[in-house]
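Every chain is numbered from 1, with letters handed out A, B, ... down the list of sequences. All values below were derived from every heavy atom in this structure, side-chain atoms included, with hydrogens, water molecules and symmetry-related copies excluded.
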Amino acid sequence: MPTTATTIDAHAVAFAARANAWFADAARPLPWRAADVSPWAVLVSELMLQQTQVARVQPKWEAWIERWPTPAALASSPPADAVRAWDRLGYPRRALWLHAAATEIVERHGGEVPRDLDALLALKGVGPYTARAVAAFAFGDRHPVVDTNTRRVIARAIEGRASAGAPSPARDLAAMAALLPRDPADARAFNAGAMELGAVVCTARAPQCDGCPVADLCAWRAAGSPPDDAPRVRTQARYEGSDRQARGAVLKSLRDAAPLAVPLDEVLPEWPDPAQRERAIASLISDGLAEASDGVLALPG
DNA sequence: AAGACGTGGCT
DNA sequence: TAGCCAAGTCT
């Protein structure tokens with residue numbers, strides 16, 4: 001099927017060229033995209049950006065990089081400091097992962113963030129997305145980078161569907177690889193541009209198709225923008241009253257008290273559900289986000 | 001491999 | 001405003 005392949009390829013080339021032209025002009029000046037940021041700073045940004053919006057990450061990233069400009073700097077601080085600096089960014093285990101990754105980088109990679117995909121994947125908190133993002137954005141290597149924005153852009157513009165289906169790393173990577181420009185610098189820009197397009201134009205709720213740089217190439221638009229027919233992939237559990245909320249509250253009390261430990265019976269004494277409070281404390285200890293000793297609870301030293 | 005994991009922005 | 005959604009990863 002050489003004809004089909006040629007057609008698809010030509011469309012991919014046109015699509016990437018258009019996206020890149022738009023990105024060169026419209027990219028937000030995010031600090032971790034500056035030319036002189038270190039691979040470590042990029043790694044920190046990618047961990048912080050997991051399931052977390054840019055606007056919330058930016059100030060935390062600035063402070064973090066100023067305080068811990070290298071993996072060695074972070075590795076020499078106790079995990080408690082990392083958890084405290086993480087503050088309310090969410091998913092605080094990421095602070096622990098970053099600390100563990102910094103330690104690993106110092107011990108096994110001479111203090112330099114590795115460039116190799118497998119070495120990156122071996123780091124705590126670094127999965128298929130983050131490993132490729134670091135390799136592509138920090139080192140300029142040509143890898144497909146696929147996040148939720150990219151998945152949605154491909155689903156719409158290329159596949160003509162309103163939303164992406166269930167994530168499938170192998171399929172998603174292959175779909176992006178088929179669009180990726182040959183030239184590494186162009187590939188790098190397209191990886192970032194596809195994400196940016198999904199983040200600011202081709203959004204989940206209210207896509208701004210007027211002003212979309214690839215509107216005339218978009219398969220979903222060409223099909224009349226049909227509504228989403230697929231069932232919701234994963235419905236997110238209610239947060240109010242959840243164990244997650246209880247964990248968050250316990251951890252906040254530990255951060256607020258740090259560096260002092262908190263007597264166990266003074267940890268959220270008025271929490272409405274005592275059993276839930278116990279579960280929260282136990283699971284935080286189990287995750288390494290808290291430590292208990294002599295009847296007191298504290299952040300991990 | 002389905003579910004757990006924070007917190008806040010946006011519609 | 002209640003609910004969806006967010007630069008995913010781990011177990």
Q. Quick one: A/L98 CG to C/dC10 C1', roughly how many Å, whole number?
A. 16 Å

Q) Between atom CG in A/D147 and atom C1' in C/dA6, what is the gap in whole Å? A) 10 Å

Q. For atom C1', what is the distance between C/dT1 and C/dC5, given to the nearest Å?
A. 16 Å

Q: May I have the distance from A/D228 (atom CG) to C/dC5 (atom C1'), rounded to whole angstrom?
A: 13 Å

Q) What do the steps show when you test A/K124 against A/E104 for side-chain contact (heavy atoms from CB on, under 4.5 Å), and what is the final call? A) CA-CA 9 Å; A/K124 256 316 197 243; A/E104 180 99 340; over 6 Å; no

Q) Linking Ile, Leu, Val, Met, Phe, Trp and Tyr by side-chain heavy atoms under 4.5 Å, what else ends up with A/L299? A) A/V83, A/L96, A/V250, A/L251, A/L254, A/V262, A/L264, A/V267, A/L268, A/W271, A/I281, A/L284, A/I285, A/L289, A/L297

Q. Just by distance, with hydrogens left out, do A/T150 and A/D147 show a side-chain donor and acceptor under 3.5 Å apart?
A. yes

**Q.** For A/P29, all residues meeting side chain to side chain contact (heavy atoms under 4.5 Å, CB included), sequence neighbours excluded
**A.** none

Q: In whole angstrom, give me the gap between the C1' atoms of B/dA1 and B/dC5.
A: 16 Å

(Q) Is there a continuous path of hydrophobic side-chain contacts, each under 4.5 Å between heavy atoms, that joins A/L47 to A/Y91? (A) no

Q) Tell me the side chain to side chain donor-acceptor pair (under 3.5 Å) pairs involving residues 172-194 of chain A, sequence neighbours left out? A) A/R151-A/D172

Q: Let me know the distance between CG of A/L120 and P of C/dT9, rounded to the nearest Å.
A: 12 Å

Q) Taking atom P in both C/dA7 and B/dG3, what distance in whole Å separates the two? A) 23 Å

Q. Separation of A/M48 atom CE from C/dT9 atom P, in whole Å?
A. 16 Å

Q.
Using a strict heavy-atom distance below 4.0 Å, which residues from residues 128-135 of chain A are in contact with DNA chain B?
A. none

**Q.** Pairs satisfying side chain to side chain donor-acceptor pair (under 3.5 Å), at least one member in residues 128-138 of chain A, at least two apart
**A.** A/E46-A/Y129, A/Q50-A/T130

Q) 5'-most contact on DNA chain C: A/A204 or A/W97, nearest heavy atom basis? A) A/A204

Q) For the atom pair CG (A/D81) and CG (A/L74), what is the distance rounded to the nearest 0.5 Å? A) 9.0 Å

Q: Could you give the distance separating C/dT9 and B/dG8 at their P atoms, to the nearest angstrom?
A: 22 Å

Q: Would you kindly give the CZ-to-C1' distance between A/R152 and C/dC5, to the nearest whole Å?
A: 9 Å

Q | Test item: side-chain donor near acceptor, A/T52 and A/R94, under 3.5 Å | A | yes

Q) How long is the line joining CD of A/E196 and C1' of C/dA7, in whole Å? A) 10 Å

Q) Looking for any heavy atom pair under 4.0 Å, which part of the strands does A/W32 touch: base, sugar-phosphate only, or nothing? A) base

**Q.** Ionic contact status for A/R247 with A/D243, cut-off 4.0 Å
**A.** no

Q: Looking at every strand, decide which applies to A/V126 at a 4.0 Å heavy-atom threshold: base, sugar-phosphate, or nothing.
A: sugar-phosphate

**Q.** Base-contact (B) and sugar-phosphate-only (S) positions in nucleotides 5-11 of chain B, heavy-atom cut-off under 4.0 Å, - elsewhere
**A.** BBBB-BB

**Q.** Nucleotide C/dC5, atom P - distance to CZ of A/R238 in whole Å
**A.** 16 Å

